[in-house]
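Computed from a predicted structure; not experimentally measured. Here is how names work: the chains are called A, B, and so on, in the same order as the sequence lines, proteins then strands, and each is numbered from 1. We use all heavy atoms of the structure for the numbers below, so side chains are in, but hydrogens, waters and symmetry mates are not.
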2 protein chains.
Amino acid sequence: MRIGDAAAAAGTTARALRFYEQRGLLPPPARTPTGQRQYGAADVALVRVIRELLALGLTIEDLRTRADRLPLLAQDPPPPCGSGGSGSSGDGFAPVVDRRIAALDEEIARLTRQREELARRASPVAG
Amino acid sequence: MRIGDAAAAAGTTARALRFYEQRGLLPPPARTPTGQRQYGAADVALVRVIRELLALGLTIEDLRTRADRLPLLAQDPPPPCGSGGSGSSGDGFAPVVDRRIAALDEEIARLTRQREELARRASPVAG
DNA sequence: CTAACCCCTGACCCGCGGGTCAGGGTCAAG
DNA sequence: CTTGACCCTGACCCGCGGGTCAGGGGTTAG
């Protein structure tokens, strides 16, 4: 499977796959003798996981530092929960997920304050 | 008043004042014979208004297209309400404020969905 | 007069997740 | 063999509100 097909199968672009590889999220795939990247179904599943986590607001750097654990999340049945307390799979993602949730709470509160202040100015019922 | 003092009085930096001037938010001030910018109290008040509106999420472009109306907002008593319906002062800001509020609502909803999805994954009570 | 600070313009830098081009090589079908 | 679609790398571009640097000149207290 060449990069364009793999990208389409994962719902993204070839550029994104090269970018993830360059940033260390995606392991360098095998190459044909002429240098073209070759992907398999597992790679496509991995890319889907990466995009899902990015869409949830984790950063490239968050994923890069835990790139070795990403394939575990890509398996159809998530691995059985270990003794880890708050992780989604006993993996190392709990800290970054917790930080992201905290950042989201802060951001939501900030935007809510902005919204209220703007609404107050737009209709000065008591102001 | 030179730029550094005006910036400090408005709670920002000299760089920001030059930037606002370059983008057309702030009228070009008088200059000394040697080219240094000279500001007055009205300019400082205007800069305060600009920063307030930027902090509420309006863009440089939003303010640029209405730069002529900004000084009205800088006056201590806001001008009496005209016949304009939903404006904060019968000015032309209502449209951009409404758009910004809508954008905020959308963004808040998006972040809230992200937060819920992350929380769901972090503690899979019913995954 | 000199030191220390201020100001001038113009240009590049930040984060962040890629998009888009430029200039070339490769693959599959006709 | 040619054509068209695809792939390669490297480099610059986006938004956005400025920060920071570079190289030069102004200003003011001692």
Open item on the list: Test your reading of the model: is there a side-chain donor-acceptor pair from B:Q38 to the backbone of B:P29, 3.5 Å cut-off?
Closed with: no
Task: A:R51 side-chain N/O to A:A10 backbone N/O, donor-acceptor pair under 3.5 Å - done: no
- [ ] Using heavy atoms and a sub-4.0 Å distance, could you list which residues of residues 55-68 of chain A are near DNA chain C? By number, please.
- [x]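 Going residue by residue through residues 55-68 of chain A, the ones with a heavy atom under 4.0 Å of DNA chain C turn out to be A:L58, A:T59, A:I60.
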Polar-atom pairs under 3.5 Å, protein N or O versus N or O of nucleotides 9-13 of chain C: list them with distances, or write none.
unit_1: C:dT9; atom_1: OP1; unit_2: B:R31; atom_2: NH1; d: 3.3
unit_1: C:dT9; atom_1: OP1; unit_2: B:R31; atom_2: NH2; d: 3.1
unit_1: C:dT9; atom_1: OP1; unit_2: B:R37; atom_2: NH2; d: 3.4
unit_1: C:dT9; atom_1: OP2; unit_2: B:R37; atom_2: NH1; d: 2.9
unit_1: C:dT9; atom_1: OP2; unit_2: B:R37; atom_2: NH2; d: 2.8

TODO: Return the minimal non-hydrogen interatomic distance between B:I108 and A:L111, and the atom names on each side.
DONE: CG1-CB, 3.7 Å
Open item on the list: Does A:T12 reach a base, just sugar-phosphate, or nothing at all? Heavy atoms under 4.0 Å.
Closed with: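 Counting heavy atoms under 4.0 Å across all strands, no contact is made by A:T12.
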Identify whether the distance between the nearest side-chain nitrogen and carboxylate oxygen of [X] and [Y] falls below 4.0 Å.
| X | Y | result |
| --- | --- | --- |
| B:R113 | B:E116 | no |
| A:R110 | A:E107 | yes |
| B:R64 | B:E61 | yes |

- [ ] Starting from P on C:dC6, measure out to CG on B:D5 and report it in whole angstrom.
- [x]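 Those two atoms, CG and P, are 9 Å apart.
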Below 3.5 Å is the cut-off: list the nitrogen or oxygen pairs between protein and nucleotides 26-30 of chain D, distance only.
unit_1: D:dG26; atom_1: O3'; unit_2: B:T34; atom_2: OG1; d: 3.1
unit_1: D:dT27; atom_1: OP1; unit_2: B:T34; atom_2: OG1; d: 3.0

Task: Counterpart residues, side-chain hydrogen bond (donor to acceptor under 3.5 Å, both in side chains), relative to B:R48 (two or more places apart) - done: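 Counting only residues at least two positions away or on another chain, B:R48 forms no side-chain hydrogen bond (donor to acceptor under 3.5 Å, both in side chains).
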- [ ] Identify, with sequence neighbours excluded, every residue that meets side-chain hydrogen bond (donor to acceptor under 3.5 Å, both in side chains) alongside B:R23.
- [x] none
TODO: With rounding to the nearest 0.5 Å, note down the distance linking CG in A:D62 to CZ in A:R100.
DONE: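 The distance works out to 9.0 Å.
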- [ ] Report the end-to-end axis angle of the helix from C:dC1-D:dG30 to C:dG30-D:dC1; each axis comes from five terminal pairs, and the value is rounded to 10°.
- [x]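 That helix gives 20° between its end axes.
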Open item on the list: Do B:D43 and B:L17 have side chains that approach each other closer than 4.5 Å (heavy atoms only, starting at C-beta)?
Closed with: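 The answer is no, as the side chains (C-beta and beyond) never meet within the 4.5 Å cut-off.
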